[in-house]
Amino acid sequence: AGSFTNMPNASRGVLGIDSNFGLPGTPNCLIKDKDGMLWIGANNTVVRYDSNNLAIYGSDQGLNSGLVQTLFQDSKGRIWVTGLGKSISIIDFDAQQIYELNFNFDVSRIFDILETIDGKFWISNNGVGYNIIDLKDRTIRQLTVKQGLLGTTCISPYQDQIGRIWLSTNKGVNIIDLKSGKNYTLTQNTGLLSDFTTGFFEDSKGYMWIGNFKGISILNNDQDTISYFTQDQGLEENSTVTKLFKDHLGKMWLGTNRGKIYSLSGIDGSSIEEYTISQNPQQLVYNLVEDNQGQIWTGILQGGIYKVD
């Protein structure tokens, strides 16, 4: 692998990957696996990066996902690869093969995958709803507006510490209590900063951080009080918080749809730092991960991988 380069118009310390890095195409998504390796989606390939070398998985290795859009590693170490079309490719290292899951219903843009504690997989199917896959029983079902989902712009599922499933939509949040079967909702009318919701993070205090248009809604652990993190605390005006991540030091990182990421240590904003990844206001932060050296990497939905050095 090649080296990183300083990016024009980016904040000091923001480094990017250029054509000399050795990727076979434009990168647009990444994850860190359980061994600390980074996996990068680049055009029609998936690349494993170990801080020195690149290993490429593409059509020659049996990967035929098309344009790679989302990566995910499950509890068995398998890498899930979503692309264009009605299938998900799975790189299974134990079985030493790559195989596909095919769907018999519409699959749109998959933004995120969640493996729940009962071993099922909840997959955001943007424009449709959420798909729930049970590999053990070989079943797939959908949760859509017909079954009580608030909206069809579906970006991220999340499971909290007591097992409830939180689902983001453009019209609020669905909270599914698997034990009781109840479907609760949270909207702007009941306290959210806005109905448009992108994702979640539950901190060690049990506070739920919810990414919204214009900032973050922070629901306390009793779920009876909501506070907000917005431009008043230092975010750019009218930013949508697209990603929430906490590093090993306890610092919270926020990605936005305006080509910026922020780091902060508390909701009072006293330690907020802003990093400009791109001056293009249409650059949406899609992934935030921390490598083994404690550096933060980000993937841009429109293409590009960067790290904060």
Handout entry: Between Trp39 and Asp33, a side-chain donor and acceptor under 3.5 Å
Key = yes
Exercise for the section: Please assess Ile90 against Val81 for the test side chain to side chain contact (heavy atoms under 4.5 Å, CB included), listing each intermediate value before the final yes or no. Expected result: CA-CA 6 Å; Ile90 296 180; Val81 184; over 6 Å; no
Exercise for the section: Would you please indicate if the ring centroids of Trp209 and Tyr158 are separated by under 6.0 Å? Expected result: no
Handout entry: Ring centres under 6.0 angstrom apart (Phe21, Phe4)
Key = yes
Fill in the blank from the handout: Here the gap from Ile261 atom CD1 to Glu273 atom CD, rounded to the nearest 0.5 Å, amounts to 10.5 Å
Problem - Cluster link Leu219 to Phe201, ILVMFWY, side chain under 4.5 Å - result: yes
Handout entry: Gln161, CD atom: more than 12 neighbouring heavy atoms under 6.0 Å
Key = yes
Problem - Lys/Arg N to Asp/Glu carboxylate O, Arg164 vs Asp160, below 4.0 Å - result: yes
Handout entry: Ser239 side chain vs Val241 backbone, donor-acceptor pair below 3.5 Å
Key = no
Practice task
Can you measure from CD (Gln159) to CD1 (Ile176) and round to the nearest 0.5 angstrom?
Solution key: 12.0 Å
Exercise for the section: Check the pair Glu236 / Lys260 against side chain to side chain contact (heavy atoms under 4.5 Å, CB included), numbers first and verdict last. Expected result: CA-CA 9 Å; Glu236 185 177 5; Lys260 298 179 186 295; 3.0 Å; yes
Completion exercise
Output for pair (Asp177 CG, Ile165 CD1), nearest 0.5 Å, gives 10.0 Å
Exercise for the section: Grab the two heavy atoms, one from Leu192 and one from Ile226, that are nearest each other, plus how far apart they are. Expected result: N-CD1, 4.2 Å
Problem - side chain to side chain contact (heavy atoms under 4.5 Å, CB included) assessment of Tyr184 paired with Leu186 - result: CA-CA 7 Å; Tyr184 301 97; Leu186 186 60; over 6 Å; no
Handout entry: NZ (Lys214) with more than 12 external heavy atoms under 6.0 Å
Key = no
Practice task
Measure from the side-chain N and O atoms of Asp50 to the backbone N and O of Leu54, and report whether any donor-acceptor pair falls under 3.5 Å.
Solution key: no
Problem - pair Leu244-Leu254: side-chain heavy atoms closer than 4.5 Å - result: yes
Handout entry: Beyond-backbone contact of Ser217 with Tyr228, side-chain heavy atoms, under 4.5 angstrom
Key = yes
Completion exercise
All heavy atoms of Asn64 vs all of Ser59, minimum pair found to be OD1-CB, 3.8 Å
Problem - Pairwise side-chain contact, Asn287 with Leu71, heavy-atom cut-off 4.5 Å (strictly under) - result: no
Problem - Arg109 CZ to Leu301 CG distance, which is reported to the nearest 0.5 Å - result: 5.0 Å
Practice task
Say whether, by atom type as modelled, one donor and one acceptor occur between the side chain of Asn221 and the main chain of Lys205 under 3.5 angstrom.
Solution key: yes
Handout entry: Distance-only polar pair, side chains of Thr187 and Asn189, donor-acceptor under 3.5 Å
Key = no
Practice task
Test Tyr286 against every option in Thr298, Asn257, Thr70, Asp112 by the side chain to side chain donor-acceptor pair (under 3.5 Å) rule and name the one that passes.
Solution key: Thr70
Exercise for the section: Taking the side chain as every heavy atom from C-beta outward, state whether Asn183 and Ile175 have any pair of such atoms under 4.5 Å apart. Expected result: no
Problem - Heavy-atom check, side chain of Ile300 versus side chain of Leu284, under 4.5 Å - result: no
Exercise for the section: State yes or no: do Ile133 and Leu149 share one hydrophobic cluster built from I, L, V, M, F, W and Y residues joined by side-chain heavy-atom distances below 4.5 Å, directly or via other members? Expected result: no
Handout entry: Path from Leu135 to Leu114 over hydrophobic side-chain contacts below 4.5 Å
Key = no
Fill in the blank from the handout: Closest heavy-atom pair, His248 versus Gly294, reported as atoms and distance to 0.1 Å, is CE1-CA, 4.3 Å
Problem - Lys32 backbone acceptor or donor facing Gln73 side chain under 3.5 Å - result: no
Handout entry: Joint cluster assignment, Ile79 & Phe72, ILVMFWY side-chain distance < 4.5 Å
Key = no
Handout entry: Expected output: side-chain Ser11 to main-chain Val14 donor-acceptor under 3.5 Å
Key = no
Practice task
Treat each ILVMFWY residue as a node, draw an edge where side-chain heavy atoms are under 4.5 Å apart, and state whether Leu235 and Val285 are in one component.
Solution key: no
Exercise for the section: Determine yes or no for a side-chain-to-main-chain donor-acceptor pair under 3.5 angstrom, with Asn125 supplying the side chain and Gly129 the backbone. Expected result: no
Problem - Stepwise side-chain hydrogen bond (donor to acceptor under 3.5 Å, both in side chains) test for Asp137 and Thr139 - result: CA-CA 5 Å; Asp137 292 341; Thr139 60; 5.2 Å; no
Exercise for the section: Indicate whether the side chain of Asp92 and that of Tyr99 have a donor and an acceptor atom separated by less than 3.5 Å. Expected result: yes
Practice task
State, to 0.1 Å, how close Ser51 and Gln293 come at their nearest heavy-atom pair, and which atoms those are.
Solution key: OG-OE1, 4.0 Å
Practice task
Considering non-hydrogen atoms only, spot the tightest contact between Asn212 and Thr198 and give its length.
Solution key: N-OG1, 4.3 Å
Practice task
For Ile17 and Trp297, work out which heavy atoms get closest and say how close.
Solution key: CD1-CZ3, 4.4 Å
Handout entry: Side-chain heavy atoms of Pro24 within contact of Val47, under 4.5 Å
Key = yes
Problem - Atom pair CD/CZ of Gln69 and Phe111 - distance to nearest 0.5 Å - result: 8.0 Å
Exercise for the section: Indicate yes or no: at least one non-hydrogen side-chain atom of Met7 is less than 4.5 angstrom from one of Thr5. Expected result: yes
Practice task
Return yes if some donor-acceptor pair links the side-chain N/O of Glu115 with the main-chain N/O of Lys120 below 3.5 Å, else return no.
Solution key: no
Practice task
Evaluate side chain to side chain contact (heavy atoms under 4.5 Å, CB included) for Val173 paired with Leu150, printing each intermediate quantity in order.
Solution key: CA-CA 7 Å; Val173 177; Leu150 287 173; 5.6 Å; no
Problem - Ring centroid separation Tyr275 to Trp253 under 6.0 Å - result: yes
Practice task
Can you measure from CD1 (Ile40) to CD1 (Ile31) and round to the nearest 0.5 angstrom?
Solution key: 10.5 Å
Handout entry: Lys182 backbone acceptor or donor facing Ser180 side chain under 3.5 Å
Key = yes
Handout entry: Side-chain (Lys34) to main-chain (Asp74) donor-acceptor, under 3.5 angstrom
Key = yes
Exercise for the section: Kindly indicate whether the side chain of Trp166, heavy atoms from C-beta on, has any atom under 4.5 Å from the side chain of Pro157. Expected result: no
Handout entry: Any donor-acceptor pair under 3.5 Å from Thr197 side chain to Ser168 backbone
Key = no
